[in-house]
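Atoms considered below: every heavy atom in the structure, side chains included; atoms not considered: hydrogens, waters and symmetry mates. Predicted, not measured: the structure shown is a model, and the values here were computed from it.
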Amino acid sequence: MDDPTYDTRLAEFETRIARGEKIEPGDWMPDAYRKQLIRMISQHANSEVVGMLPEGAWITRAPNLRRKMVLLAKVQDEAGHGQYLYHAAETLGISRDEMIDALLEGRAKYASVFNYPTLGWADVAAIGWLVDGAAIMNQTMLAHCSYGPYSRAMVRICAEEGFHKKQGQEMIIRYSQGTPAQKQMAQEAIDRWWWPALMMFGPHDSDSPNTPQLMRWGIKTRTNDELRQEFLDELVPGIQALGLSVPDPEMHYDEATGHWVGREIDWDEFWRVIKGDGPMNASRLAARRKAHEDGRWVREAAAAYAQAMG
Amino acid sequence: MDAAVRDALSARLLAMADDELVLAHRNSEWTGHAPILEEDIAFTNMALDELGHASIWYGLYGELTGEDADRLIFFRNAGQYRNAQLVELPRGDWAFSMVRQYLFDAAEYVTLNHLKASSYSPLAEAAAKIATEESYHLRHTGLWLRRLGLGTEESHGRAQAALNVLWPYARQLFVPLPNDDVLVEAGIFPAAGLLLNEWTSMTRSHLADCGLTVPEEALPRRDVDRAEHTEHLMALLAVMQSVARLDPEAEW
């Protein structure tokens, strides 16, 4: 390092984190900390924006007025989370336009789970219970993270995500006790979303090169495998109690450890989808690009009007 | 309540509910596809408000007729819907959706102002509740019309093209229903002619401020009945009702 005080500053920074202090936008931070946070927060913001698509497609088809209103409110929340997270990332010196360009040009990632299709109404329910359920576990951890703006964003977002999960769970419960067609719909949705939800926690700790540094700097406070295990232990009995099953014949309760254990995730699929070759990667990006292109003249008009009005 | 009044009022309430429902459907098609993230939030919120209003009007209709909102929404065919054609047209571009929403918001605004004084107190109470949301909608879409009308050459052209199509359709919002005179006499619902006058002076003045020209010669100039629909409503309902009709006995 050229900066002779770097080591001292780094030591002070790490001491603050060890004391549980929050790092705020104007504070000194190592470049790697800033970069990791920009990567994580912008990826998170992009996920909220892309995440509007799979469920948004069902707003017009929701089967009663109440479900339609709940789903509209939920997808609106996601847009709000995206906005809130873009703001949080902007405190680190990147603009929303840069983040959106990176998304549209395929340089930035978003949650891989949204690269799977929603093929039935109950998929909306499974997304709420499994996908939002998994997201909450990750986000509850991030609510304790060392960067103030991200931590505060997570506190607020988790409160709304709790409602998202609940409405999904409530639907699966109802359909599991409903007509044969509803029960089948619920089972198919669980089958479709089970593995993508487990993949949301990321690679095994042993394959997650960023984790040790992220933990030392208080960005992550728990590992991928710990969170995934907590998810299994909550969801497997929850799903089985409804007379539904998870699509994993090896799933069993391990008496010795007190944990639910199933087969390995298909890691080839995991990496394939991350690298762009999932069932919906092209379609999701195409939808975002189209909205962006179609909206260009609108943004230009709004800017021209604002300028003319001074 | 007198049977003639009840029938006239329920016909009016169903028309109001169907307008809100179908417009909310079209607006919700923008969710996730809006030109800026702030509009994914705002326009979705407006769709949500409209569904809320639809729910209120279907509820009042149900109190008079005993019919259930979800049965009405998901199990009527296009010919049984009583929305104006204005709201069933495909969403078009952002200018089309904004101009339509503005024309509709202005109509709702002038109507609610009168309904607050309706002699039918459930209607008056609902109108008072909704009016606050509606004045927010009108501010929002009124400002978008300024941006589009006065923004760039392209936005002006698109807004004007949308207005040329939509203006004659908006007229249908003010075509009296066959038994409206009973409601006017009872002080329940204002005369359509009165609403049309208020709406016309309000929208003409704002459109002029936005640099937009009302298409005086646009067709149709006849009164279109609310039982008459375009082909678009059937396609819209085929989507909206697809899940509910998979299993008509199911509770969702």
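What you find for B:L37 and A:G82 is that their closest heavy atoms are CD2-C, 3.9 Å. When all heavy atoms are compared, the tightest approach of B:P35 to A:G295 is CB-CA, 3.6 Å. B:G151 and A:A304 get closest at one heavy-atom pair: O-CB, 3.6 Å.
The backbone N or O of A:A306 sits nowhere less than 3.5 Å from a side-chain atom of B:R147 that would complete a donor-acceptor pair. Checked by atom type and distance alone, the side chain of B:D70 pairs as donor or acceptor with a backbone atom of A:L65 at under 3.5 Å. A donor-acceptor pair is defined here as one N or O able to donate and one able to accept, closer than 3.5 Å; such a pair exists between the side chain of A:Y175 and the backbone of B:W252.
Heavy atoms closer than 4.5 Å to chain A are found in the side chain of B:W144, but not in its backbone. Heavy-atom distances place the side chain of B:I73, and not its backbone, under 4.5 Å from chain A. Only the side chain of B:L143 comes within contact range of chain A, judged by heavy atoms closer than 4.5 Å. With a 4.5 Å cut-off on non-hydrogen atoms, B:N45 touches chain A through its backbone and its side chain both. With a 4.5 Å cut-off on non-hydrogen atoms, A:A308 does not touch chain B at all. The parts of B:S55 that come within reach of chain A are both its backbone and its side chain, each placing non-hydrogen atoms under 4.5 angstrom from that chain. Contacts between B:R146 and chain A at a heavy-atom distance below 4.5 Å involve backbone atoms as well as side-chain atoms. For B:A24, no part sits under 4.5 Å from any heavy atom of chain A, backbone or side chain. For chain B, no part of A:V50 is nearby; none of its heavy atoms comes within less than 4.5 Å. With a 4.5 angstrom heavy-atom cutoff, A:R296 does not touch chain B via any of its atoms.
Between B:S28 and A:T60, the closest side-chain pair of non-hydrogen atoms falls below 4.5 Å. Side-chain contact between B:E251 and A:N64 is absent, with no heavy atoms from C-beta onward closer than 4.5 Å. Between B:V243 and A:W58, some side-chain heavy-atom pair lies under the 4.5 Å cut-off.
When each of A:E55, A:E293, A:R96 is checked for heavy-atom pairs under 4.5 Å with chain B, A:R96 comes out on top. For the set A:M185, A:R174, A:E78, the count of heavy-atom pairs under 4.5 angstrom toward chain B peaks at A:R174. Ranked by heavy-atom pairs shorter than 4.5 Å toward chain A, the options B:E38, B:R158, B:Q241 are led by B:R158. Heavy-atom pairs under 4.5 Å with chain A were tallied for B:T44, B:I41, B:T152; the largest tally goes to B:I41. Looking only at heavy-atom pairs under 4.5 Å with chain A, the residue among B:W94, B:Y58, B:F74 that has the most is B:F74. Ranking A:R66, A:M69, A:M171 against chain B, the residue ahead of the rest is A:M69, based on heavy-atom pairs under 4.5 Å.
Side-chain contact annotation: A:Q76 with B:D40, donor-acceptor N/O pair under 3.5 Å absent.
B:E153 contributes atom CD, which lies 12.5 Å from atom CD of A:E300 (distance to the nearest 0.5 angstrom). The CG atom of A:L72 sits 5.5 Å away from atom CG of B:L48, with the distance rounded to the nearest 0.5 Å. A distance of 13.0 Å separates OG1 of B:T31 from NZ of A:K74, quoted to the nearest 0.5 Å. For the atom pair B:L246 CG and A:Q182 CD, the distance stands at 10.0 Å (nearest 0.5 Å). To the nearest 0.5 angstrom, A:I59 atom CD1 is 14.0 Å from B:M240 atom CE. Rounding to the nearest 0.5 angstrom, the gap separating the CD1 atom in A:I100 from the CD1 atom in B:I36 is 10.0 Å.
A salt bridge is absent between A:R299 and B:E154; no separation between the charged side-chain nitrogens and carboxylate oxygens falls under 4.0 Å.
For A:Q307, the CD atom is loosely surrounded, since the number of other residues' heavy atoms within 6.0 Å does not exceed 12. Within a 6.0 Å radius of CZ in A:F163, more than 12 heavy atoms belonging to other residues, nucleotides or ligands are found.
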**Verdict with reasoning, A:L53 to B:H33, per side chain to side chain contact (heavy atoms under 4.5 Å, CB included)** = CA-CA 8 Å; A:L53 299 173; B:H33 307 277; 3.5 Å; yes
**Worked verdict on A:R61 versus B:E29 for salt bridge (Lys or Arg N to Asp or Glu O under 4.0 Å)** = CA-CA 11 Å; A:R61 290 176 281 179; B:E29 292 173 341; over 6 Å; no
**Message:** Between B:D93 and A:W297, is the side chain to side chain contact (heavy atoms under 4.5 Å, CB included) condition met? List the steps.
**Reply:** CA-CA 11 Å; B:D93 63 7; A:W297 69 267; 4.1 Å; yes
